[in-house]
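These notes concern the structure reproduced below.
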Amino acid sequence: MSTTQVTRALFDEVMVPNYNPQQMVPVRGEGSRVWDQDDNEYIDLTSGIAVTSLGHCHPALVRVLKEQADKVWHLSNVYTNEPALALAQDLTRETFADKVFFCNSGAEANEAAFKLARKYASDHFSEEKNEIISFVQSFHGRTLFTVTVGGQPKYCQGFKPVPGGIHHAPFNDLDALKELVSDNTCAIVMEPVQGEGGIIPADPEFVRGVRELCDQFNALLIFDEVQTGMGRTGSLYAYMDTDVTPDILTSAKGLGGGFPVGAMLTTDKVAPSFNVGTHGTTYGGNPLACAVAGEVLRQINRPEVLEGVVQKNALFNAELEAINAKHHIFKEVRGKGLLIGAELVDEWQGKAGQFLAAAREQGLMILMAGPNVLRFAPSLIIPDEDIREGMAKLEQAIAQLLSTAEAD
Ligand SMILES: Cc1ncc(COP(=O)(O)O)c(C=O)c1O
């Protein structure tokens with residue numbers, strides 16, 4: 001493939017315009033470093049939106065993928081396969097879950113979770129018990145069902161009619177939730193830390209209260225851990241750092257370390273409602289995906305990696321606070337583990353995109369979580385030197401933006 005012809009400009013010619021990618025085109029990555037077509041080097045504090053949690057081209061993942069590529073790529077669910085069974089065994093051993101359903105993305109894992117919750121309520125209670133409660137500013141994917149359950153109306157605009165029976169309560173507000181929950185509620189779904197909504201952690205007592213309400217009304221508690229899972233917050237799954245256990249948990253993003261795979265985890269009590277023929281997906285349990293995810297799990301689920309996430313969070317916070325002491329640009333720095341948000345001060349609200357572009361100019365890849373929050377979600381094993389160097393680049397980007405704004 002000639003890189004002289006394949007440029008960012010080609011995107012506008014041949015791609016559906018639902019994305020607006022940055023101007024540089026990355027071609028190669030190693031650890032927390034990425035190079036573009038012109039061989040410019042970047043520090044990657046995004047890991048592809050919390051996906052490449054072991055960095056780019058981790059040798060153990062490359063080895064496992066190549067080994068599986070020489071064995072079998074795909075079989076369909078008419079047959080099972082060794083990597084899928086081994087991964088399901090590992091996930092059930094390491095979590096609350098007894099049963100696993102594999103798919104390809106976070107949206108698909110959530111779609112399965114919402115369908116399972118309705119089917120379970122229909123099997124055990126009544127067809128009327130079909131209401132799902134989610135939270136304002138939540139994000140659960142882009143299928144019509146998941147986008148409707150998500151708490152950001154802008155993503156539903158133009159797509160009506162959308163599925164019914166879905167309600168939204170303000171996040172971290174137990175009293176408001178009590179107003180909405182009823183015997184017709186089949187599930188309450190929450191992110192332990194709202195990701196796309198602005199990196200907003202759930203309060204511990206709120207999480208406890210949600211579990212209690214689920215128990216009181218025979219509703220299932222679904223934890224969407226698509227972004228928080230697989231070590232991102234310093235535990236294998238974020239629920240492990242709370243007092244509660246969900247009935248269903250969804251995982252994707254970091255699960256495959258960059259190879260597409262999703263999973264819905266649940267219990268022996270709930271799983272039978274997905275009996276033969278009720279749900280499925282062609283690629284679910286794909287051997288390549290499951291072999292890689294199995295190795296990701298082995299690599300991440302180790303005390304030194306998970307403790308490292310907590311230590312690196314402290315380093316990030318210290319660096320961001322130091323930048324803030326100098327430039328007074330952040331209203332709040334928050335998050336958990338290596339899912340960190342820095343909310344911009346009022347004058348800069350709505351302008352997070354400018355910081356991404358300025359960072360790119362300095363050789364730094366960062367994210368936003370909505371228009372007001374800079375998001376950092378690097379590899380869980382990013383070297384401390386890369387964090388420091390990345391933060392130095394961020395400071396340069398901020399200084400440059402502020403000086404340009406002053407000059408205007
Ligand atoms: C919490 C959460 N749920 C679901 C999704 C959707 O995942 P996917 O894009 O893999 O469908 C995302 C993606 O950002 C997410 O952050």
Side-chain angles (χ1 to χ4, degrees), residues 16 18-19 21 46-53 101-117 132-152 154-156 159 166 168 171-172 187-202 207 210 221-233 235 237-239 242 246 248-265 281 283-284 286 289 292-293 296 335-341 352 366-371 373 375-378:
V16 170
N18 61 318
Y19 304 116
T46 71
S47 62
I49 318 192
V51 171
T52 50
S53 293
F101 166 79
F102 288 123
C103 52
N104 311 289
S105 67
E108 234 190 306
N110 284 328
E111 184 87 16
F114 305 152
K115 281 180 72 180
L116 178 61
I132 295 172
I133 302 179
S134 130
F135 297 98
V136 176
Q137 288 297 105
S138 64
F139 187 84
H140 300 296
R142 298 291 200 134
T143 65
L144 203 51
F145 198 178
T146 56
V147 94
T148 313
V149 174
Q152 304 190 43
K154 63 180 184 209
Y155 294 135
C156 290
F159 297 118
I166 295 161
H168 298 95
F171 196 52
N172 280 331
I188 302 179
V189 53
M190 63 180 291
E191 297 161 80
V193 179
Q194 284 193 334
E196 306 301 304
I199 316 296
I200 304 169
V207 178
V210 175
L221 175 58
I222 304 173
F223 263 33
D224 177 343
E225 293 233 29
V226 168
Q227 192 156 164
T228 55
M230 289 301 281
R232 179 59 48 194
T233 65
S235 319
Y237 284 99
Y239 85 87
T242 72
I248 300 178
L249 180 150
T250 53
S251 187
K253 286 189 179 280
L255 180 59
F259 202 100
V261 60
M264 181 194 67
L265 279 55
T281 171
Y283 271 120
N286 171 273
V292 174
V296 173
K336 197 144 191 240
L338 287 174
L339 184 56
I340 296 167
I366 61 171
L367 296 163
M368 48 202 267
V373 178
R375 173 172 27 171
F376 307 93

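In each ligand, atom 1 is the first atom listed, and ligand 1 is the first ligand listed. Positions are given from 1 along the sequence.
Remark: minimum distance from atom 7 (O) of ligand 1 to any protein heavy atom is reached at Gly106 CA, 3.3 Å. Protein heavy atom nearest atom 13 (C) of ligand 1, with residue, atom name and distance: Lys253 CE, 3.2 Å. Closest to atom 5 (C) of ligand 1 among all protein heavy atoms lies Val226 CG1, 3.7 Å. Among all non-hydrogen protein atoms, the one lying nearest atom 16 (O) of ligand 1 is Gln227 NE2, 2.7 Å. Of the protein's non-hydrogen atoms, Asp224 OD2, 2.7 Å is the one closest to atom 3 (N) of ligand 1.
The part of His140 lying near ligand 1 is the backbone, judged by heavy-atom distances below 4.0 Å. In Glu108, neither the side chain nor the backbone holds a heavy atom less than 4.0 Å from any atom of ligand 1. At a heavy-atom cutoff of 4.0 Å, ligand 1 is contacted by the side chain of Asn110 but not by its backbone.
Looking only at distances, a side-chain donor or acceptor of Ser105 sits under 3.5 Å from a matching main-chain atom of Glu108.
Side chains of Gln194 and Ser138: a donor-acceptor N/O pair is absent below 3.5 angstrom, by distance only. There is a side-chain donor-acceptor pair under 3.5 Å between Ser47 and Arg232. One side chain, Gln227 or Glu196, offers a donor N or O that lies under 3.5 Å from an acceptor on the other. Side chain to side chain, Thr146 and Asn110 fail the donor-acceptor criterion of an N or O pair below 3.5 Å. Using modelled atom types, one finds a donor on one side chain and an acceptor on the other under 3.5 Å when comparing Ser251 with Tyr237.
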Between Phe102 and Tyr283, is the ring pair (Phe, Tyr, Trp, His ring centres under 6.0 Å) condition met? List the steps.
CA-CA 8 Å; Phe102 288 123; Tyr283 271 120; over 10 Å; no
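For atom 10 (O) of ligand 1, the nearest protein heavy atom is under 4.0 Å away.
Counting the atoms of ligand 1 from 1 in the order shown, those under 4.0 Å from a heavy atom of Glu196 are 14 (O), 16 (O). Annotation for ligand 1: atoms under 4.0 Å from non-hydrogen atoms of Glu191 are 1 (C). The contact set between ligand 1 and Ala107, taken as ligand atoms under 4.0 Å from a residue heavy atom, comprises 6 (C), 7 (O), 8 (P), 11 (O). Within the listing of ligand 1, atoms 10 (O), 11 (O) sit less than 4.0 angstrom from a heavy atom of Ser105.
Closest approach of Leu221 to Pro246, counting heavy atoms only: O-CB, 3.5 Å. A pairwise comparison of heavy atoms in Phe171 and Ile200 identifies CE2-O, 3.3 Å as the closest pair.
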